[in-house]
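In what follows, a single structure is set out as structure tokens and then discussed.
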Amino acid sequence: MADPVFLITGASSGIGAATARHAAREGYRLVLAARSEDKLAGLAEELGGPTRAIAVRCDVTSWEEQQRMVEAALNAHGSLDVVFANAGFGAPRGFLESTPEHWQSMVLTNVYGAALTIRATLPSLRESQGHFLLTGSVAGRRALPGSLYSCTKWAVTAMGEALRQEVDGSGIRVTLVEPGMVDTPFFDNRPQNALEPDDIARAVMFAVAQPPHVDVNEVLIRPTAQGG
């Protein structure tokens, strides 16, 4: 396929930005979506400008903005071949910590936002027999004490499998990427002995690079030093 199209939500930093750079090196045209317009614009310019990478402001909790994101992608590049639902953030552990407002925003972004990305992009992926990836977490495989964030990632784990079963036989591939501790803006204090965003980006590109009959459904990645 010549210059396929790769859409990434949460593309302005961390895993999303690292994946965009790896995908650009592999010849993909890019649709970079996030709420941070300044960072997105700079990354899009770095990766080749309007003919190679477009920046689209998108709050993934808004159905209207998700629809506009897909419309912009199709207007600029004509198709969607790979979609990476990567937008998300966390909260302090403890059911008496953080605020109900922060919880609401996190649940809507991590769960509802990922589901809206599926809904918005699935018609195009059916046409291209493309690939849908989601950012889960090790925290979506083992519950963490007092962590509502962990609960949202359990939901994403289920979402990935639910989507895989729905599109079975359509030619669409589905991959759930489950990082352990990664040194990204997700953490207020930089973790020690953590993975780098590039480590996760390489795993994403490994899954995407498989031949059409191979569907890497889950990739669980921890740093060597992470016990939990």
Side-chain angles (χ1 to χ4, degrees), residues 1-89 105 108-135 156 159-160 163 166-167 170-175 177 184-185 197 200-201 204-205 207-208:
M1 186 184 300
D3 297 337
V5 180
F6 201 131
L7 182 151
I8 304 170
T9 67
S12 60
S13 63
I15 292 168
T19 301
R21 292 185 175 101
H22 280 258
R25 288 198 290 269
E26 295 296 326
Y28 284 89
R29 291 174 290 163
L30 292 158
V31 180
L32 308 173
R35 289 182 293 186
S36 177
E37 293 181 90
D38 291 344
K39 289 182 180 179
L40 275 184
L43 182 60
E45 186 63 28
E46 173 193 334
L47 299 180
T51 62
R52 302 301 306 176
I54 64 167
V56 182
R57 189 201 178 279
C58 181
D59 177 349
V60 296
T61 68
S62 165
W63 174 235
E64 291 74 18
E65 292 193 22
Q66 292 252 18
Q67 290 177 295
R68 285 196 292 269
M69 172 186 72
V70 172
E71 182 180 5
L74 296 178
N75 286 341
H77 297 316
S79 66
L80 281 176
D81 302 290
V82 182
V83 175
F84 186 19
N86 172 68
F89 61 90
S105 181
L108 287 174
T109 299
N110 294 5
V111 183
Y112 180 63
L116 286 184
T117 302
I118 294 172
R119 188 179 185 95
T121 62
L122 191 54
S124 294
L125 289 179
R126 286 191 182 278
E127 289 185 15
S128 65
Q129 295 189 327
H131 196 154
F132 195 96
L133 302 98
L134 305 96
T135 297
V156 172
M159 196 182 304
L163 176 60
E166 179 177 352
V167 301
S170 70
I172 297 174
R173 298 187 293 176
V174 179
T175 301
V177 182
T184 70
I200 310 306
V204 169
M205 298 311 298
V208 170

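What you are looking at is a predicted structure, and each value in this text was computed from that prediction instead of being measured.
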Would you check if the side chain of Thr175 reaches a backbone N or O of Leu133 as a donor-acceptor pair within less than 3.5 Å? no

Rounded to the nearest 0.5 Å, what separates atom CG in Asn110 from atom CZ in Phe89? 6.5 Å

Specify the closest pair of heavy atoms between Val70 and Ala120, including all atoms of both residues, with the distance to one decimal. CG2-O, 3.6 Å

Which atom pair, heavy atoms only, marks the closest approach of Val56 to Ala72? CG2-CB, 3.9 Å

State, yes or no, whether a side-chain contact exists between Leu163 and Ile172 at a heavy-atom distance under 4.5 Å. no

Do the non-hydrogen side-chain atoms of Val167 and Arg126 ever get within less than 4.5 Å of each other? yes

With a 4.5 Å heavy-atom cut-off, do Thr109 and Val60 have their side chains touching? yes

To the closest 0.5 Å, what do you measure between OG1 (Thr117) and CZ (Phe132)? 5.5 Å

Is the side chain of Arg52 donor-acceptor paired with the backbone N or O of Gly27 at a distance under 3.5 Å, no angle test? yes

Got a second to check how far Ile118's CD1 is from Leu134's CG, nearest 0.5 Å? 5.5 Å

Got a sec: does the CG of Asn75 have more than 12 other heavy atoms crowding it under 6.0 Å? yes

Counting C-beta onward and ignoring hydrogens, is there a side-chain heavy-atom pair between Glu26 and Val208 closer than 4.5 Å? no

Show the numbers, then the answer: is there a side-chain contact (heavy atoms from CB on, under 4.5 Å) between Leu47 and Arg21? CA-CA 7 Å; Leu47 299 180; Arg21 292 185 175 101; 4.0 Å; yes

Do Val31 and His77 have side chains that approach each other closer than 4.5 Å (heavy atoms only, starting at C-beta)? yes

Within 6.0 Å of CZ in Arg119, more than 12 heavy atoms from elsewhere: no

Chi angles and distances behind the side-chain contact (heavy atoms from CB on, under 4.5 Å) call for Val174, Glu166: CA-CA 10 Å; Val174 179; Glu166 179 177 352; over 6 Å; no

Between Leu80 and Ala73, the two heavy atoms sitting closest are CD2-CB, 4.0 Å

Rounded to the nearest 0.5 Å, how far apart are CZ of Arg57 and CG of Asp38? 11.5 Å

Is the shortest side-chain heavy-atom distance between Thr19 and Asn86 below 4.5 Å? no

State the CG-CZ distance between Leu40 and Arg35, to the nearest 0.5 angstrom. 11.5 Å

Taking the side chain as everything from C-beta on, heavy atoms only, tell me whether Cys58 gets closer than 4.5 Å to Gln66. yes

Side-chain contact, heavy-atom cut-off 4.5 Å: Tyr28 with Met205? yes

Would you say Ser12's side chain and Lys39's backbone share a donor-acceptor pair under 3.5 angstrom? no

Looking at Asp81 and Gly130, would you say the former's side chain and the latter's main chain have a donor-acceptor pair under 3.5 Å? no

So how far is it from Met69 CE to Thr9 OG1, rounded to the nearest 0.5 Å? 6.5 Å

Would you name the heavy atoms of Leu32 and Ala20 that are closest together and state the gap between them? CD2-CB, 3.7 Å

Distance-minimising heavy-atom pair for Ala11 and Leu43: O-CD2, 3.3 Å

For Met159 against Ala115, the heavy-atom pair lying closest together: SD-N, 3.7 Å

